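Below is one structure, written out as structure tokens; the observations come after it.
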Amino acid sequence: MYKIVKKRLLIPGQTSMLQIHAPQIAAKARPGNFVMLRVHEQGERIPLTIADADPEGETITLVFLVVGKTTAHLNTLEQGDEIADVCGPLGRPTEIERKGTVVCVGGGTGVAAMHHIAKGHHRAGNRVIAIVGARSQDLLLFCDELESFCPEVRIATDDGSRGHQGFVTEVLQQLIDDGEDIAEVVAVGPVPMMRAVAGVTKPHGIKTTVSLNSIMVDGIGMCGACRCSVGGETRFACVDGPEFDGHEVDFDELWGRLGQFREQEAQSMELFHQCRCGGDQ
Amino acid sequence: MTRPQKTKKKILPRVAMPEQPALERACNFEEVTLGYTAELARQEAMRCLQCKRPLCRDGCPVEIDIKAFIGCLQEDDLDGAHAVIRDYNSLPAVCGRVCPQESQCEGKCVLSAKGEPVAIGRLERYVADAFAARQEADDPCTALTGAPVCASDKPLRVACVGGGPAGLSCAGHLAAQGARVTVFEALHEVGGVLVYGIPGFRLPKDVVRREVEAMRGLGVVFRTNWVGGCTFELSELFDQGFDAVFIGVGAGLPRFLNVPGENLLGVFSANEYLTRVNLGRANAFPAYDTPPPPTGRVVVVGGGNVAMDAARTALRLGAEKVTILYRRTEAEMPARVEEVHHAKAEGVEIHCLCSPVSFNGDQGQHLVSVSAQLMELGEPDESGRCRPVCLEGQVTEIPADTAIIAVGTQPNPVLLRATPDLPLNRWGYIEADPETGETALPNVFAGGDIVTGAATVISAMGAGRRAAKAILERFGS
């Protein structure tokens with residue numbers, strides 16, 4: 001069992017942050033790694049990217065958006081509660097070396113994982129420019145954390161409540177147009193965002209790394225549920241990724257595969273809400 | 001068959017094992033075969049001729065003294081029979097159910113030349129089940145060692161990386177000799193392929209749990225969610241005070257066919273299909289959260305046990321129709337004869353001599369059909385089996401909502417990548433001494449699918465046992 005040491009609601013009812021006691025995982029976790037998590041005995045194994053790790057404090061930090069039953073259930077847990085299984089750190093870590101300016105783009109909950117990668121690049125001596133996107137100001141995540149080490153944090157909101165009104169891609173395009181010498185762009189977020197970022201950088205030949213959030217069953221290379229096409233070849237996001245060259249990923253296929261169990265996920269979610277309403281009465 | 005037979009003694013037919021009726025069992029996940037009763041077991045044991053020079057034992061990868069244990073059964077000595085088996089095999093209830101006996105012990109039985117061989121596997125299962133049923137629930141030690149008190153701890157400490165058949169067999173043998181063993185399992189449940197791969201209707205999960213509990217009683221420590229190469233490195237195990245390490249992490253990574261459309265929605269690896277149900281209990285969705293794979297018209301590609309398991313699982317999940325495509329003929333199928341027989345009886349159709357050339361989808365990327373090339377058998381290849389040859393221009397289209405690929409596995413890269421100094425063979429599996437399992441790294445042993453490529457539960461157990469013996473010899477126990 002893995003104890004929740006701290007919980008913080010980042011966006012009430014929608015996004016939370018958990019610090020979980022997992023000494024072995026904390027000691028090994030590197031930017032880009034993820035864990036497989038199962039909330040309880042009847043639960044489903046789901047992958048979550050590690051947002052931060054503290055080897056001394058023996059904890060890892062996970063940030064999740066409530067999208068289905070597992071994350072909804074996870075969000076009912078409080079500090080002191082325990083999670084049945086947390087397994088990791090899995091996946092290949094981000095390739096980090098000193099290379100100059102790295103632009104890290106994050107959208108939605110993906111900002112959490114992006115933050116860990118950005119921190120890695122910063123520690124390796126790279127100049128990190130962060131671009132953070134959200135629908136509006138109150139849905140922005142990790143801006144303060146990023147500001148603590150990034151020389152520049154640029155923000156884009158759909159409604160213009162903070163920073164640029166529009167998409168993160170427009171901010172990125174501006175940086176490129178301004179002649180910024182970019183060694184690499186890292187994008188973590190919703191599939192349409194990652195696809196759009198790769199579309200912006202491709203004509204300029206800027207190396208672009210995306211982190212895929214595929215469906216996984218085991219997360220250790222056994223099932224192939226997370227397979228994706230990269231440069232025309234089938235790769236497994238769990239053991240070959242989760243990071244790939246954004247110019248080579250077949251995002252249409254990824255998008256389709258992410259929706260493969262949508263019906264059952266909706267059914268699970270509805271039953272979960274019924275049970276909880278019943279329980280509260 | 002018209003030749004006059006010279007047999008002096010009439011050979012009785014082998015005693016059938018009771019099983020659930022085919023049409024009934026095709027709708028549930030309960031065990032298909034029900035096991036011998038004491039009387040049926042005695043009847044079958046009496047068929048054994050107790051040969052002076054028994055051949056059956058040569059066919060057993062863990063060299064069980066088969067003649068001796070059946071001899072005990074002939075004298076109604078269940079304890080004696082169990083004592084014989086447990087000297088060689090830490091998981092008899094599992095092996096009695098899943099070994100391909102027809103190509104092992106039973107294949108060598110002299111009776112098979114004249115009629116049906118002794119049902120050694122069924123007898124082994126009977127001994128394990130009947131013995132366990134008599135044990136006190138809180139006395140797992142006896143089940144494995146026959147002694148109510150476990151052997152005293154010796155200083156030897158061994159880490160088994162991987163909690164499947166190879167690791168469990170290695171751990172069981174070492175622990176029975178008093179070694180302190182820790183098993184590191186990557187998934188949340190111990191058992192490897194026994195829990196994620198082989199369905200409950202063939203190997204009930206309680207049987208696996210019972211055998212694991214028996215090992216716990218021997219002092220074996222199990223750590224789940226520990227992934228070799230991720231959560232820990234091999235070298236760290238020695239730093240932690242382990243004297244030897246046994247690697248039994250399995251083959252794992254599923255092979256695909258590399259034909260167009262393989263990533264369409266509705267196309268699964270057999271590993272995913274089976275893991276969802278066996279490990280994730282997707283058959284009990286929504287009481288369990290793991291979503292089940294879709295059903296409808298299901299096409300399974302492959303001719304091994306995994307293909308049979310997937311096909312029969314699909315039936316039980318409610319598939320309208322299940323068709324197996326295999327590129328050779330039934331005679332070449334690597335699956336156990338009993339599995340093919342059971343699958344057919346339950347309503348699975350088998351199309352031989354055809355192999356998919358593409359998976360075809362609709363605009364929403366959902367699978368709608370499988371195009372399969374028809375084949376004929378040509379000259380034998382290096383494996384001795386006839387090579388399937390394409391029949392020019394003969395491609396058939398089979399409507400399908402779900403396709404399951406069961407054409408084998410390749411080495412799982414996770415541990416191997418993290419251990420670059422561990423030499424591999426030309427197929428990418430770990431190079432290990434066939435007798436002892438020792439690798440090129442000092443005191444690191446390996447066995448099972450990660451050494452041989454995908455094989456059987458019992459051959460992995462044999463490798464685990466040989467490594468355990470070698471480790472005990474090395475450390476003078």
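A quick note: this is a predicted structure, and the numbers were derived from the prediction, not measured. Chain A is the first sequence line, chain B the second, and so forth, proteins listed ahead of strands; every chain is numbered from 1.
- Of residues 192-199 of chain B, those residues lying under 4.5 Å from chain A by any heavy-atom pair are B:Y196.
- In this structure, B:L265 and A:R257 have side chains that are in contact, with non-hydrogen atoms separated by less than 4.5 Å.
- Counting only residues at least two apart or on different chains, the ring-ring contact (aromatic ring centres under 6.0 Å, His included) pairs with a member in residues 13-52 of chain A are A:H40-A:H73.
- Between the side chains of B:N263 and A:S229, a donor-acceptor pair is found at a separation under 3.5 Å.
- For B:E189, the salt bridge (charged side-chain N to carboxylate O under 4.0 Å, His left out) partners two or more places apart in sequence, or in a different chain, are B:R209, B:R281.
- Contact of B:P254 with chain A is made through backbone and side chain together, with heavy-atom distances under 4.5 Å.
- When the candidates A:L90, A:L271, A:D218, A:I25 are compared by the number of heavy-atom contacts under 4.5 Å with chain B, A:L90 comes out ahead.
- Heavy-atom distances place the backbone of B:P293, and not its side chain, under 4.5 Å from chain A.
- Here the shortest heavy-atom pairing between A:Y2 and B:T224 reads OH-O, 4.3 Å.
- Of the atoms belonging to B:A287, it is backbone heavy atoms, and not side-chain ones, that fall under 4.5 Å from chain A.
- Of the two parts of B:E236, only the side chain, counted from C-beta on, holds a non-hydrogen atom closer than 4.5 Å to a non-hydrogen atom of chain A.
- Separating the NE2 atom in B:H366 from the CD atom in A:Q260 is a distance of 7.0 Å, to the nearest 0.5 Å.
- When heavy atoms are compared at a cutoff of 4.5 Å, B:Y273 does not approach chain A at all.
- In this structure a side-chain-to-backbone donor-acceptor pair under 3.5 Å is missing from B:N225 to A:D85.
- Contacts between A:L258 and chain B at a heavy-atom distance below 4.5 Å are absent for every atom of the residue.
- Side-chain contact check for A:C87 versus B:H188: every heavy-atom pair is 4.5 Å or farther apart.
- When all heavy atoms of A:K28 and B:E233 are compared, the closest pair comes out as NZ-CG, 3.7 Å.
- In this structure, the portions of A:V239 lying under 4.5 Å from any heavy atom of chain B include both its backbone and its side chain.
- One distance of note links CG of B:D289 with CE of A:M269; it measures 11.5 Å at 0.5 Å rounding.
- Comparing A:A225, A:G224, A:C228 by how many heavy-atom pairs each has under 4.5 Å with chain B, the most go to A:A225.
- At a threshold of 4.5 Å between non-hydrogen side-chain atoms, the residues B:V267 and A:R227 count as touching.
- Residues B:T290 and A:V217 fail the side-chain proximity criterion, which asks for heavy atoms closer than 4.5 Å.
- Listed by sequence position, A:D252, A:E253, A:G256 are the residues of residues 244-256 of chain A in contact with chain B, using a 4.5 angstrom heavy-atom cutoff.
- B:R417 places no side-chain N or O within donor-acceptor distance of the main-chain N or O of A:R92, the cut-off being under 3.5 Å.
- Neither the backbone nor the side chain of B:L274 comes within contact range of chain A; no heavy atoms are under 4.5 Å apart.
- Without hydrogens or angle criteria, A:E44 side chain to B:P291 main chain gives no donor-acceptor distance under 3.5 Å.
- Among A:R38, A:E41, A:Q24, A:M36, the residue making the largest number of heavy-atom pairs under 4.5 Å with chain B is A:R38.
- Of the atoms belonging to A:V86, it is backbone heavy atoms, and not side-chain ones, that fall under 4.5 Å from chain B.
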